[in-house]
Undergrad: 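Can you keep this structure in mind? I'll have questions shortly.
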Amino acid sequence: MDKMELRQCPAHDSPLKYIKISSKCDACYEDHHDNKQGYKCNFCEFYLHEECVNVKIPSRHKHPLILKLIKMYDQELCCLCGTDRIPQILYQCSKCSFRICIPCARKPLIFEQTKAHEHKLLQVPMKLRFTCDACGLCSTEYPCLCLQCCFIIHRACIFLPRVIKINRHDHRISHVSSLGPGKWICKVCYEHVNGEYGAYSCLVCSYVFHSKCATTCLTIWDRRELEGVPEEDEIEESKPFIVIDQNLIKHFSHEHNLKASLSSLRLEEPREHCYACTLPFYSEFCYKCTQCNFILHDACANLPLKKRHQISPQILTLCNKGQFGVGFANLFICFACGRYCTGFSYIKHYFHLYITIDVRCASISDAYKHESHPHTLFVILVDNTAGTKCEGCDLALMLLLRCKGKDDCGGYNLCFTCATLPTLVRHRYDDHPLSLCYGEKNMNVTYCCGICEEEVYSKNWFYKCNDCSSTLHTKCVIKNLIHSRIGDSLVLGDKGSFDLLPNNRLSRPICYLCKTRCMGDLVLNDKADTSIFICCFCGFSKNFLGKPRFLRG
C-alpha cells in the first residue's frame, strides 16, 4: 500500500496535517513518543506518529508485509493479540490472511512472567491446530509455547485469573493446571471436563468448571481477581427473623410480631395470599401477624437474606418492596419470567438500574426437578438467535432450564414462566380444580379455550378440568399477574396510586383507557378517584407506563 494513503483520516477521508506535537497514536496506541512529529486530522483526534508510518519494523512472517488501514466497516484484527480497535493500522500479508498490529510487530513476542506458567512463553506467528493446556479447548490459532516443558496455550489464556468467585458456587474457585483422572463435569455447562488440562476447581468441595465457562460470561464472573484478597463471609448466615418464643417471631419485613399457625381452608375468593410469594393458602403452616392481616408461608418466612443466582455475578439481597423504577412502588418485573410482581424479590442494584427476580423464580436454580420431565434441569443462558424454544409455550427465550440428557430424551428446554406455573389452580370459569397438562406430543387433537374461545395448541401446555374436560390456555388462566397479591397498593409513576382488586363484581367495570369491560382476574382502581378502573393489560402496558403526563392530563 502507498504510504500516502495512510496520511488520510479514516473517518473523514481528509488529508492529515503534519504537526510537531505528540499525541496518542492510533497506530501504536502510545500517548507520547520521543519523536515529536506526526500527522493529525483537522476534524477529529485521529493521529499517527511519523515513524509509525515511515519506519520499517522487524518482520514476523515468512511473506512480505504491507501497511493497511482498517476502517469502521472492516472486521480484520491482529492475528496475535486480537485487539479490537477501530480505526487500526495493521501490517498485512499479501499472500495469506496473516495480520499483525504495530505494537505486536515492534515488541518481542515473549511473555516473561505470567500467571499461567512458571517459564517464559514465546508466541509463534504461525497458525497451528492445538489443544490449549490452560482451558482444554482445541482450536487453530497462533499459540504461545514453552519449549522447555512442551507447554502450549492460547494467548488470551495467559491472563486467566487464578482465584475468582462465580455465581454458580458459594466458595472461591482456583485455576489448576490439571484435575487428574476422574469423571469431571462442569457445573456451568454440565459437559465433560478433561482432567488432563487446566480448569477451575473448588478447594472445599468437588465442584469443577471449564476455564472458558467460568470466565467468559459477564453474568457468571464479576471480573474480579481475588488472589491475595482476604476472603470474606459474603453470604450472611443471619436469619431473616428473630425468635421471640416457641410460636412467635419478629420478621425483618414487618413491624409487628408474627405467630405460627395454620392458614384458612377457604377455597373461594377472597382467600389469604402470602405477602412474599403472593400465592394463596390452602390450609398450610404459616406465620400470621398478631395485629394486622400480614401473612407468610413457612418457607417464605425462612427465605435467606442473601442469595446467589444465575442472573447476576453478585450476591442478591432479599427485599420486601418491589422497585420497577423511579416513582414506582410495590411493583417490579421479574428478570427471569418477565411477569409483573408485587411480592418479595431478590435484587441487585447496578448504578441506576435494578436487576430483580421474584422469590419463586429465585428458588429455581441448578439441578432443578420439574414434574414435566424425568431428568434434572439446569439453568443456562442461550443465544436468543439460535431459536431454542421452551417446551411449554414454544417461545424462544434467553434464560432457560435445560436437560443435558440429550441421548435419552433428545433435549428439553423450559422457560421460567412455564416452570413457575402452578400445577393445580382454581378459576371462576370452572367449579372444579384445573390441572396443568404438559402437552400431548403424539396426538393431533384440536381443543378450544373455554375463556377466549380460540384454538388451544395441544402440543403446548394448557390447563384442563378432569371432571368436565374443559381446556384453557395457561395465559388465559394465569395472565401476567401470577406473582401479584390481591389488595396491594401500587404507585405507577406519575399516574398515581392504585389498588389491585379482584375483578369479581357482578358487572365488570369499564376500563378507563380501552373503554371495554375489564376481562382479567384483577383490576386497577385509582385511589384518588375510585370511579376509575383500568384493566391490567392496559395498566401495565409500556404505552401507559411510559407516558410522561398524568392519567387525567
Side-chain angles (χ1 to χ4, degrees), residues 1 3 5-6 10 24-31 33 46-49 51-162 175 177 197-198 211-212 215-216 223 225:
M1 173 183 277
K3 294 176 184 176
E5 290 186 43
L6 290 175
K24 185 172 183 179
C25 179
D26 285 288
C28 67
Y29 321 122
E30 294 179 3
D31 289 328
H33 202 272
F46 184 77
Y47 175 89
L48 296 175
H49 289 137
E51 71 175 45
C52 288
V53 176
N54 296 326
V55 178
K56 292 185 178 180
I57 58 178
S59 175
R60 303 289 185 191
H61 192 56
K62 57 187 175 182
H63 303 143
L65 300 176
I66 58 174
L67 276 172
K68 182 179 180 181
L69 176 62
I70 306 301
K71 297 185 178 182
M72 299 295 292
Y73 49 82
D74 294 321
Q75 300 294 322
E76 298 169 336
L77 301 176
C78 173
C79 292
L80 301 187
C81 67
T83 303
D84 188 4
R85 290 186 178 94
I86 299 294
Q88 186 171 198
I89 310 296
L90 295 177
Y91 279 90
Q92 180 163 309
C93 179
S94 58
K95 297 183 179 181
C96 65
S97 60
F98 181 76
R99 300 174 302 277
I100 184 171
C101 65
I102 289 179
C104 287
R106 276 182 173 165
K107 301 173 184 177
L109 299 177
I110 298 175
F111 300 90
E112 295 285 354
Q113 295 181 344
T114 67
K115 294 181 178 181
H117 195 62
E118 58 183 346
H119 306 136
K120 68 170 121 180
L121 299 172
L122 172 66
Q123 186 166 21
V124 181
M126 182 182 296
K127 186 177 285 189
L128 302 173
R129 184 168 182 82
F130 67 100
T131 300
C132 176
D133 284 317
C135 70
L137 293 180
C138 181
S139 60
T140 303
E141 294 184 25
Y142 299 83
C144 296
L145 300 173
C146 173
L147 301 178
Q148 186 174 340
C149 54
C150 298
F151 181 82
I152 188 167
I153 185 174
H154 294 118
R155 176 163 169 168
C157 290
I158 291 176
F159 309 103
L160 284 174
R162 286 189 177 180
H175 192 268
S177 58
Y197 300 99
S211 298
K212 293 296 183 183
T215 59
T216 302
R223 295 299 182 265
E225 162 68 86

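In what follows, every heavy atom counts, from backbone to side chain, and hydrogens, waters and symmetry copies are set aside.
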Undergrad: Quick one: pull up OG1 in T114 and CG in L160 and give me the separation to the nearest 0.5 Å.
TA: 10.5 Å
Undergrad: For residues C78 and C104, report the shortest heavy-atom separation together with the two atoms involved.
TA: SG-SG, 4.0 Å
Undergrad: Which heavy-atom pair separates T216 from K212 by the least distance, and what is that distance?
TA: OG1-O, 2.7 Å
Undergrad: Is the shortest side-chain heavy-atom distance between C101 and C81 below 4.5 Å?
TA: yes
Undergrad: Shortest non-hydrogen contact from L80 to Q123?
TA: O-NE2, 3.1 Å
Undergrad: With distance as the sole test, does R99 use its side chain to make a donor-acceptor pair with the main-chain N or O of Q92 at under 3.5 Å?
TA: no
Undergrad: So which atom in H175 and which in P161 form the shortest heavy-atom distance, rounded to 0.1 Å?
TA: CB-O, 3.8 Å
Undergrad: Measure the CZ-CD1 distance between F159 and I153 for me, rounded to the nearest 0.5 Å.
TA: 9.0 Å
Undergrad: How long is the gap from SG on C79 to OH on Y142, to the nearest 0.5 Å?
TA: 4.0 Å
Undergrad: What residue among L109, I110, I158 forms side chain to side chain contact (heavy atoms under 4.5 Å, CB included) with C144?
TA: I158
Undergrad: Between NE2 of H63 and SG of C93, what distance do you get to the nearest 0.5 Å?
TA: 5.5 Å
Undergrad: Enumerate donor-acceptor pairs with a distance under 3.5 Å from any side-chain N or O in residues 124-138 to protein atoms, sequence neighbours excluded.
TA:
from: R129; atom 1: NH1; to: T140; atom 2: OG1; distance (Å): 3.4
from: D133; atom 1: OD2; to: I152; atom 2: N; distance (Å): 3.0

Undergrad: Once salt bridge (Lys or Arg N to Asp or Glu O under 4.0 Å) is applied, what residue pairs with a partner in residues 151-162 remain, sequence neighbours excluded?
TA: R162-E227
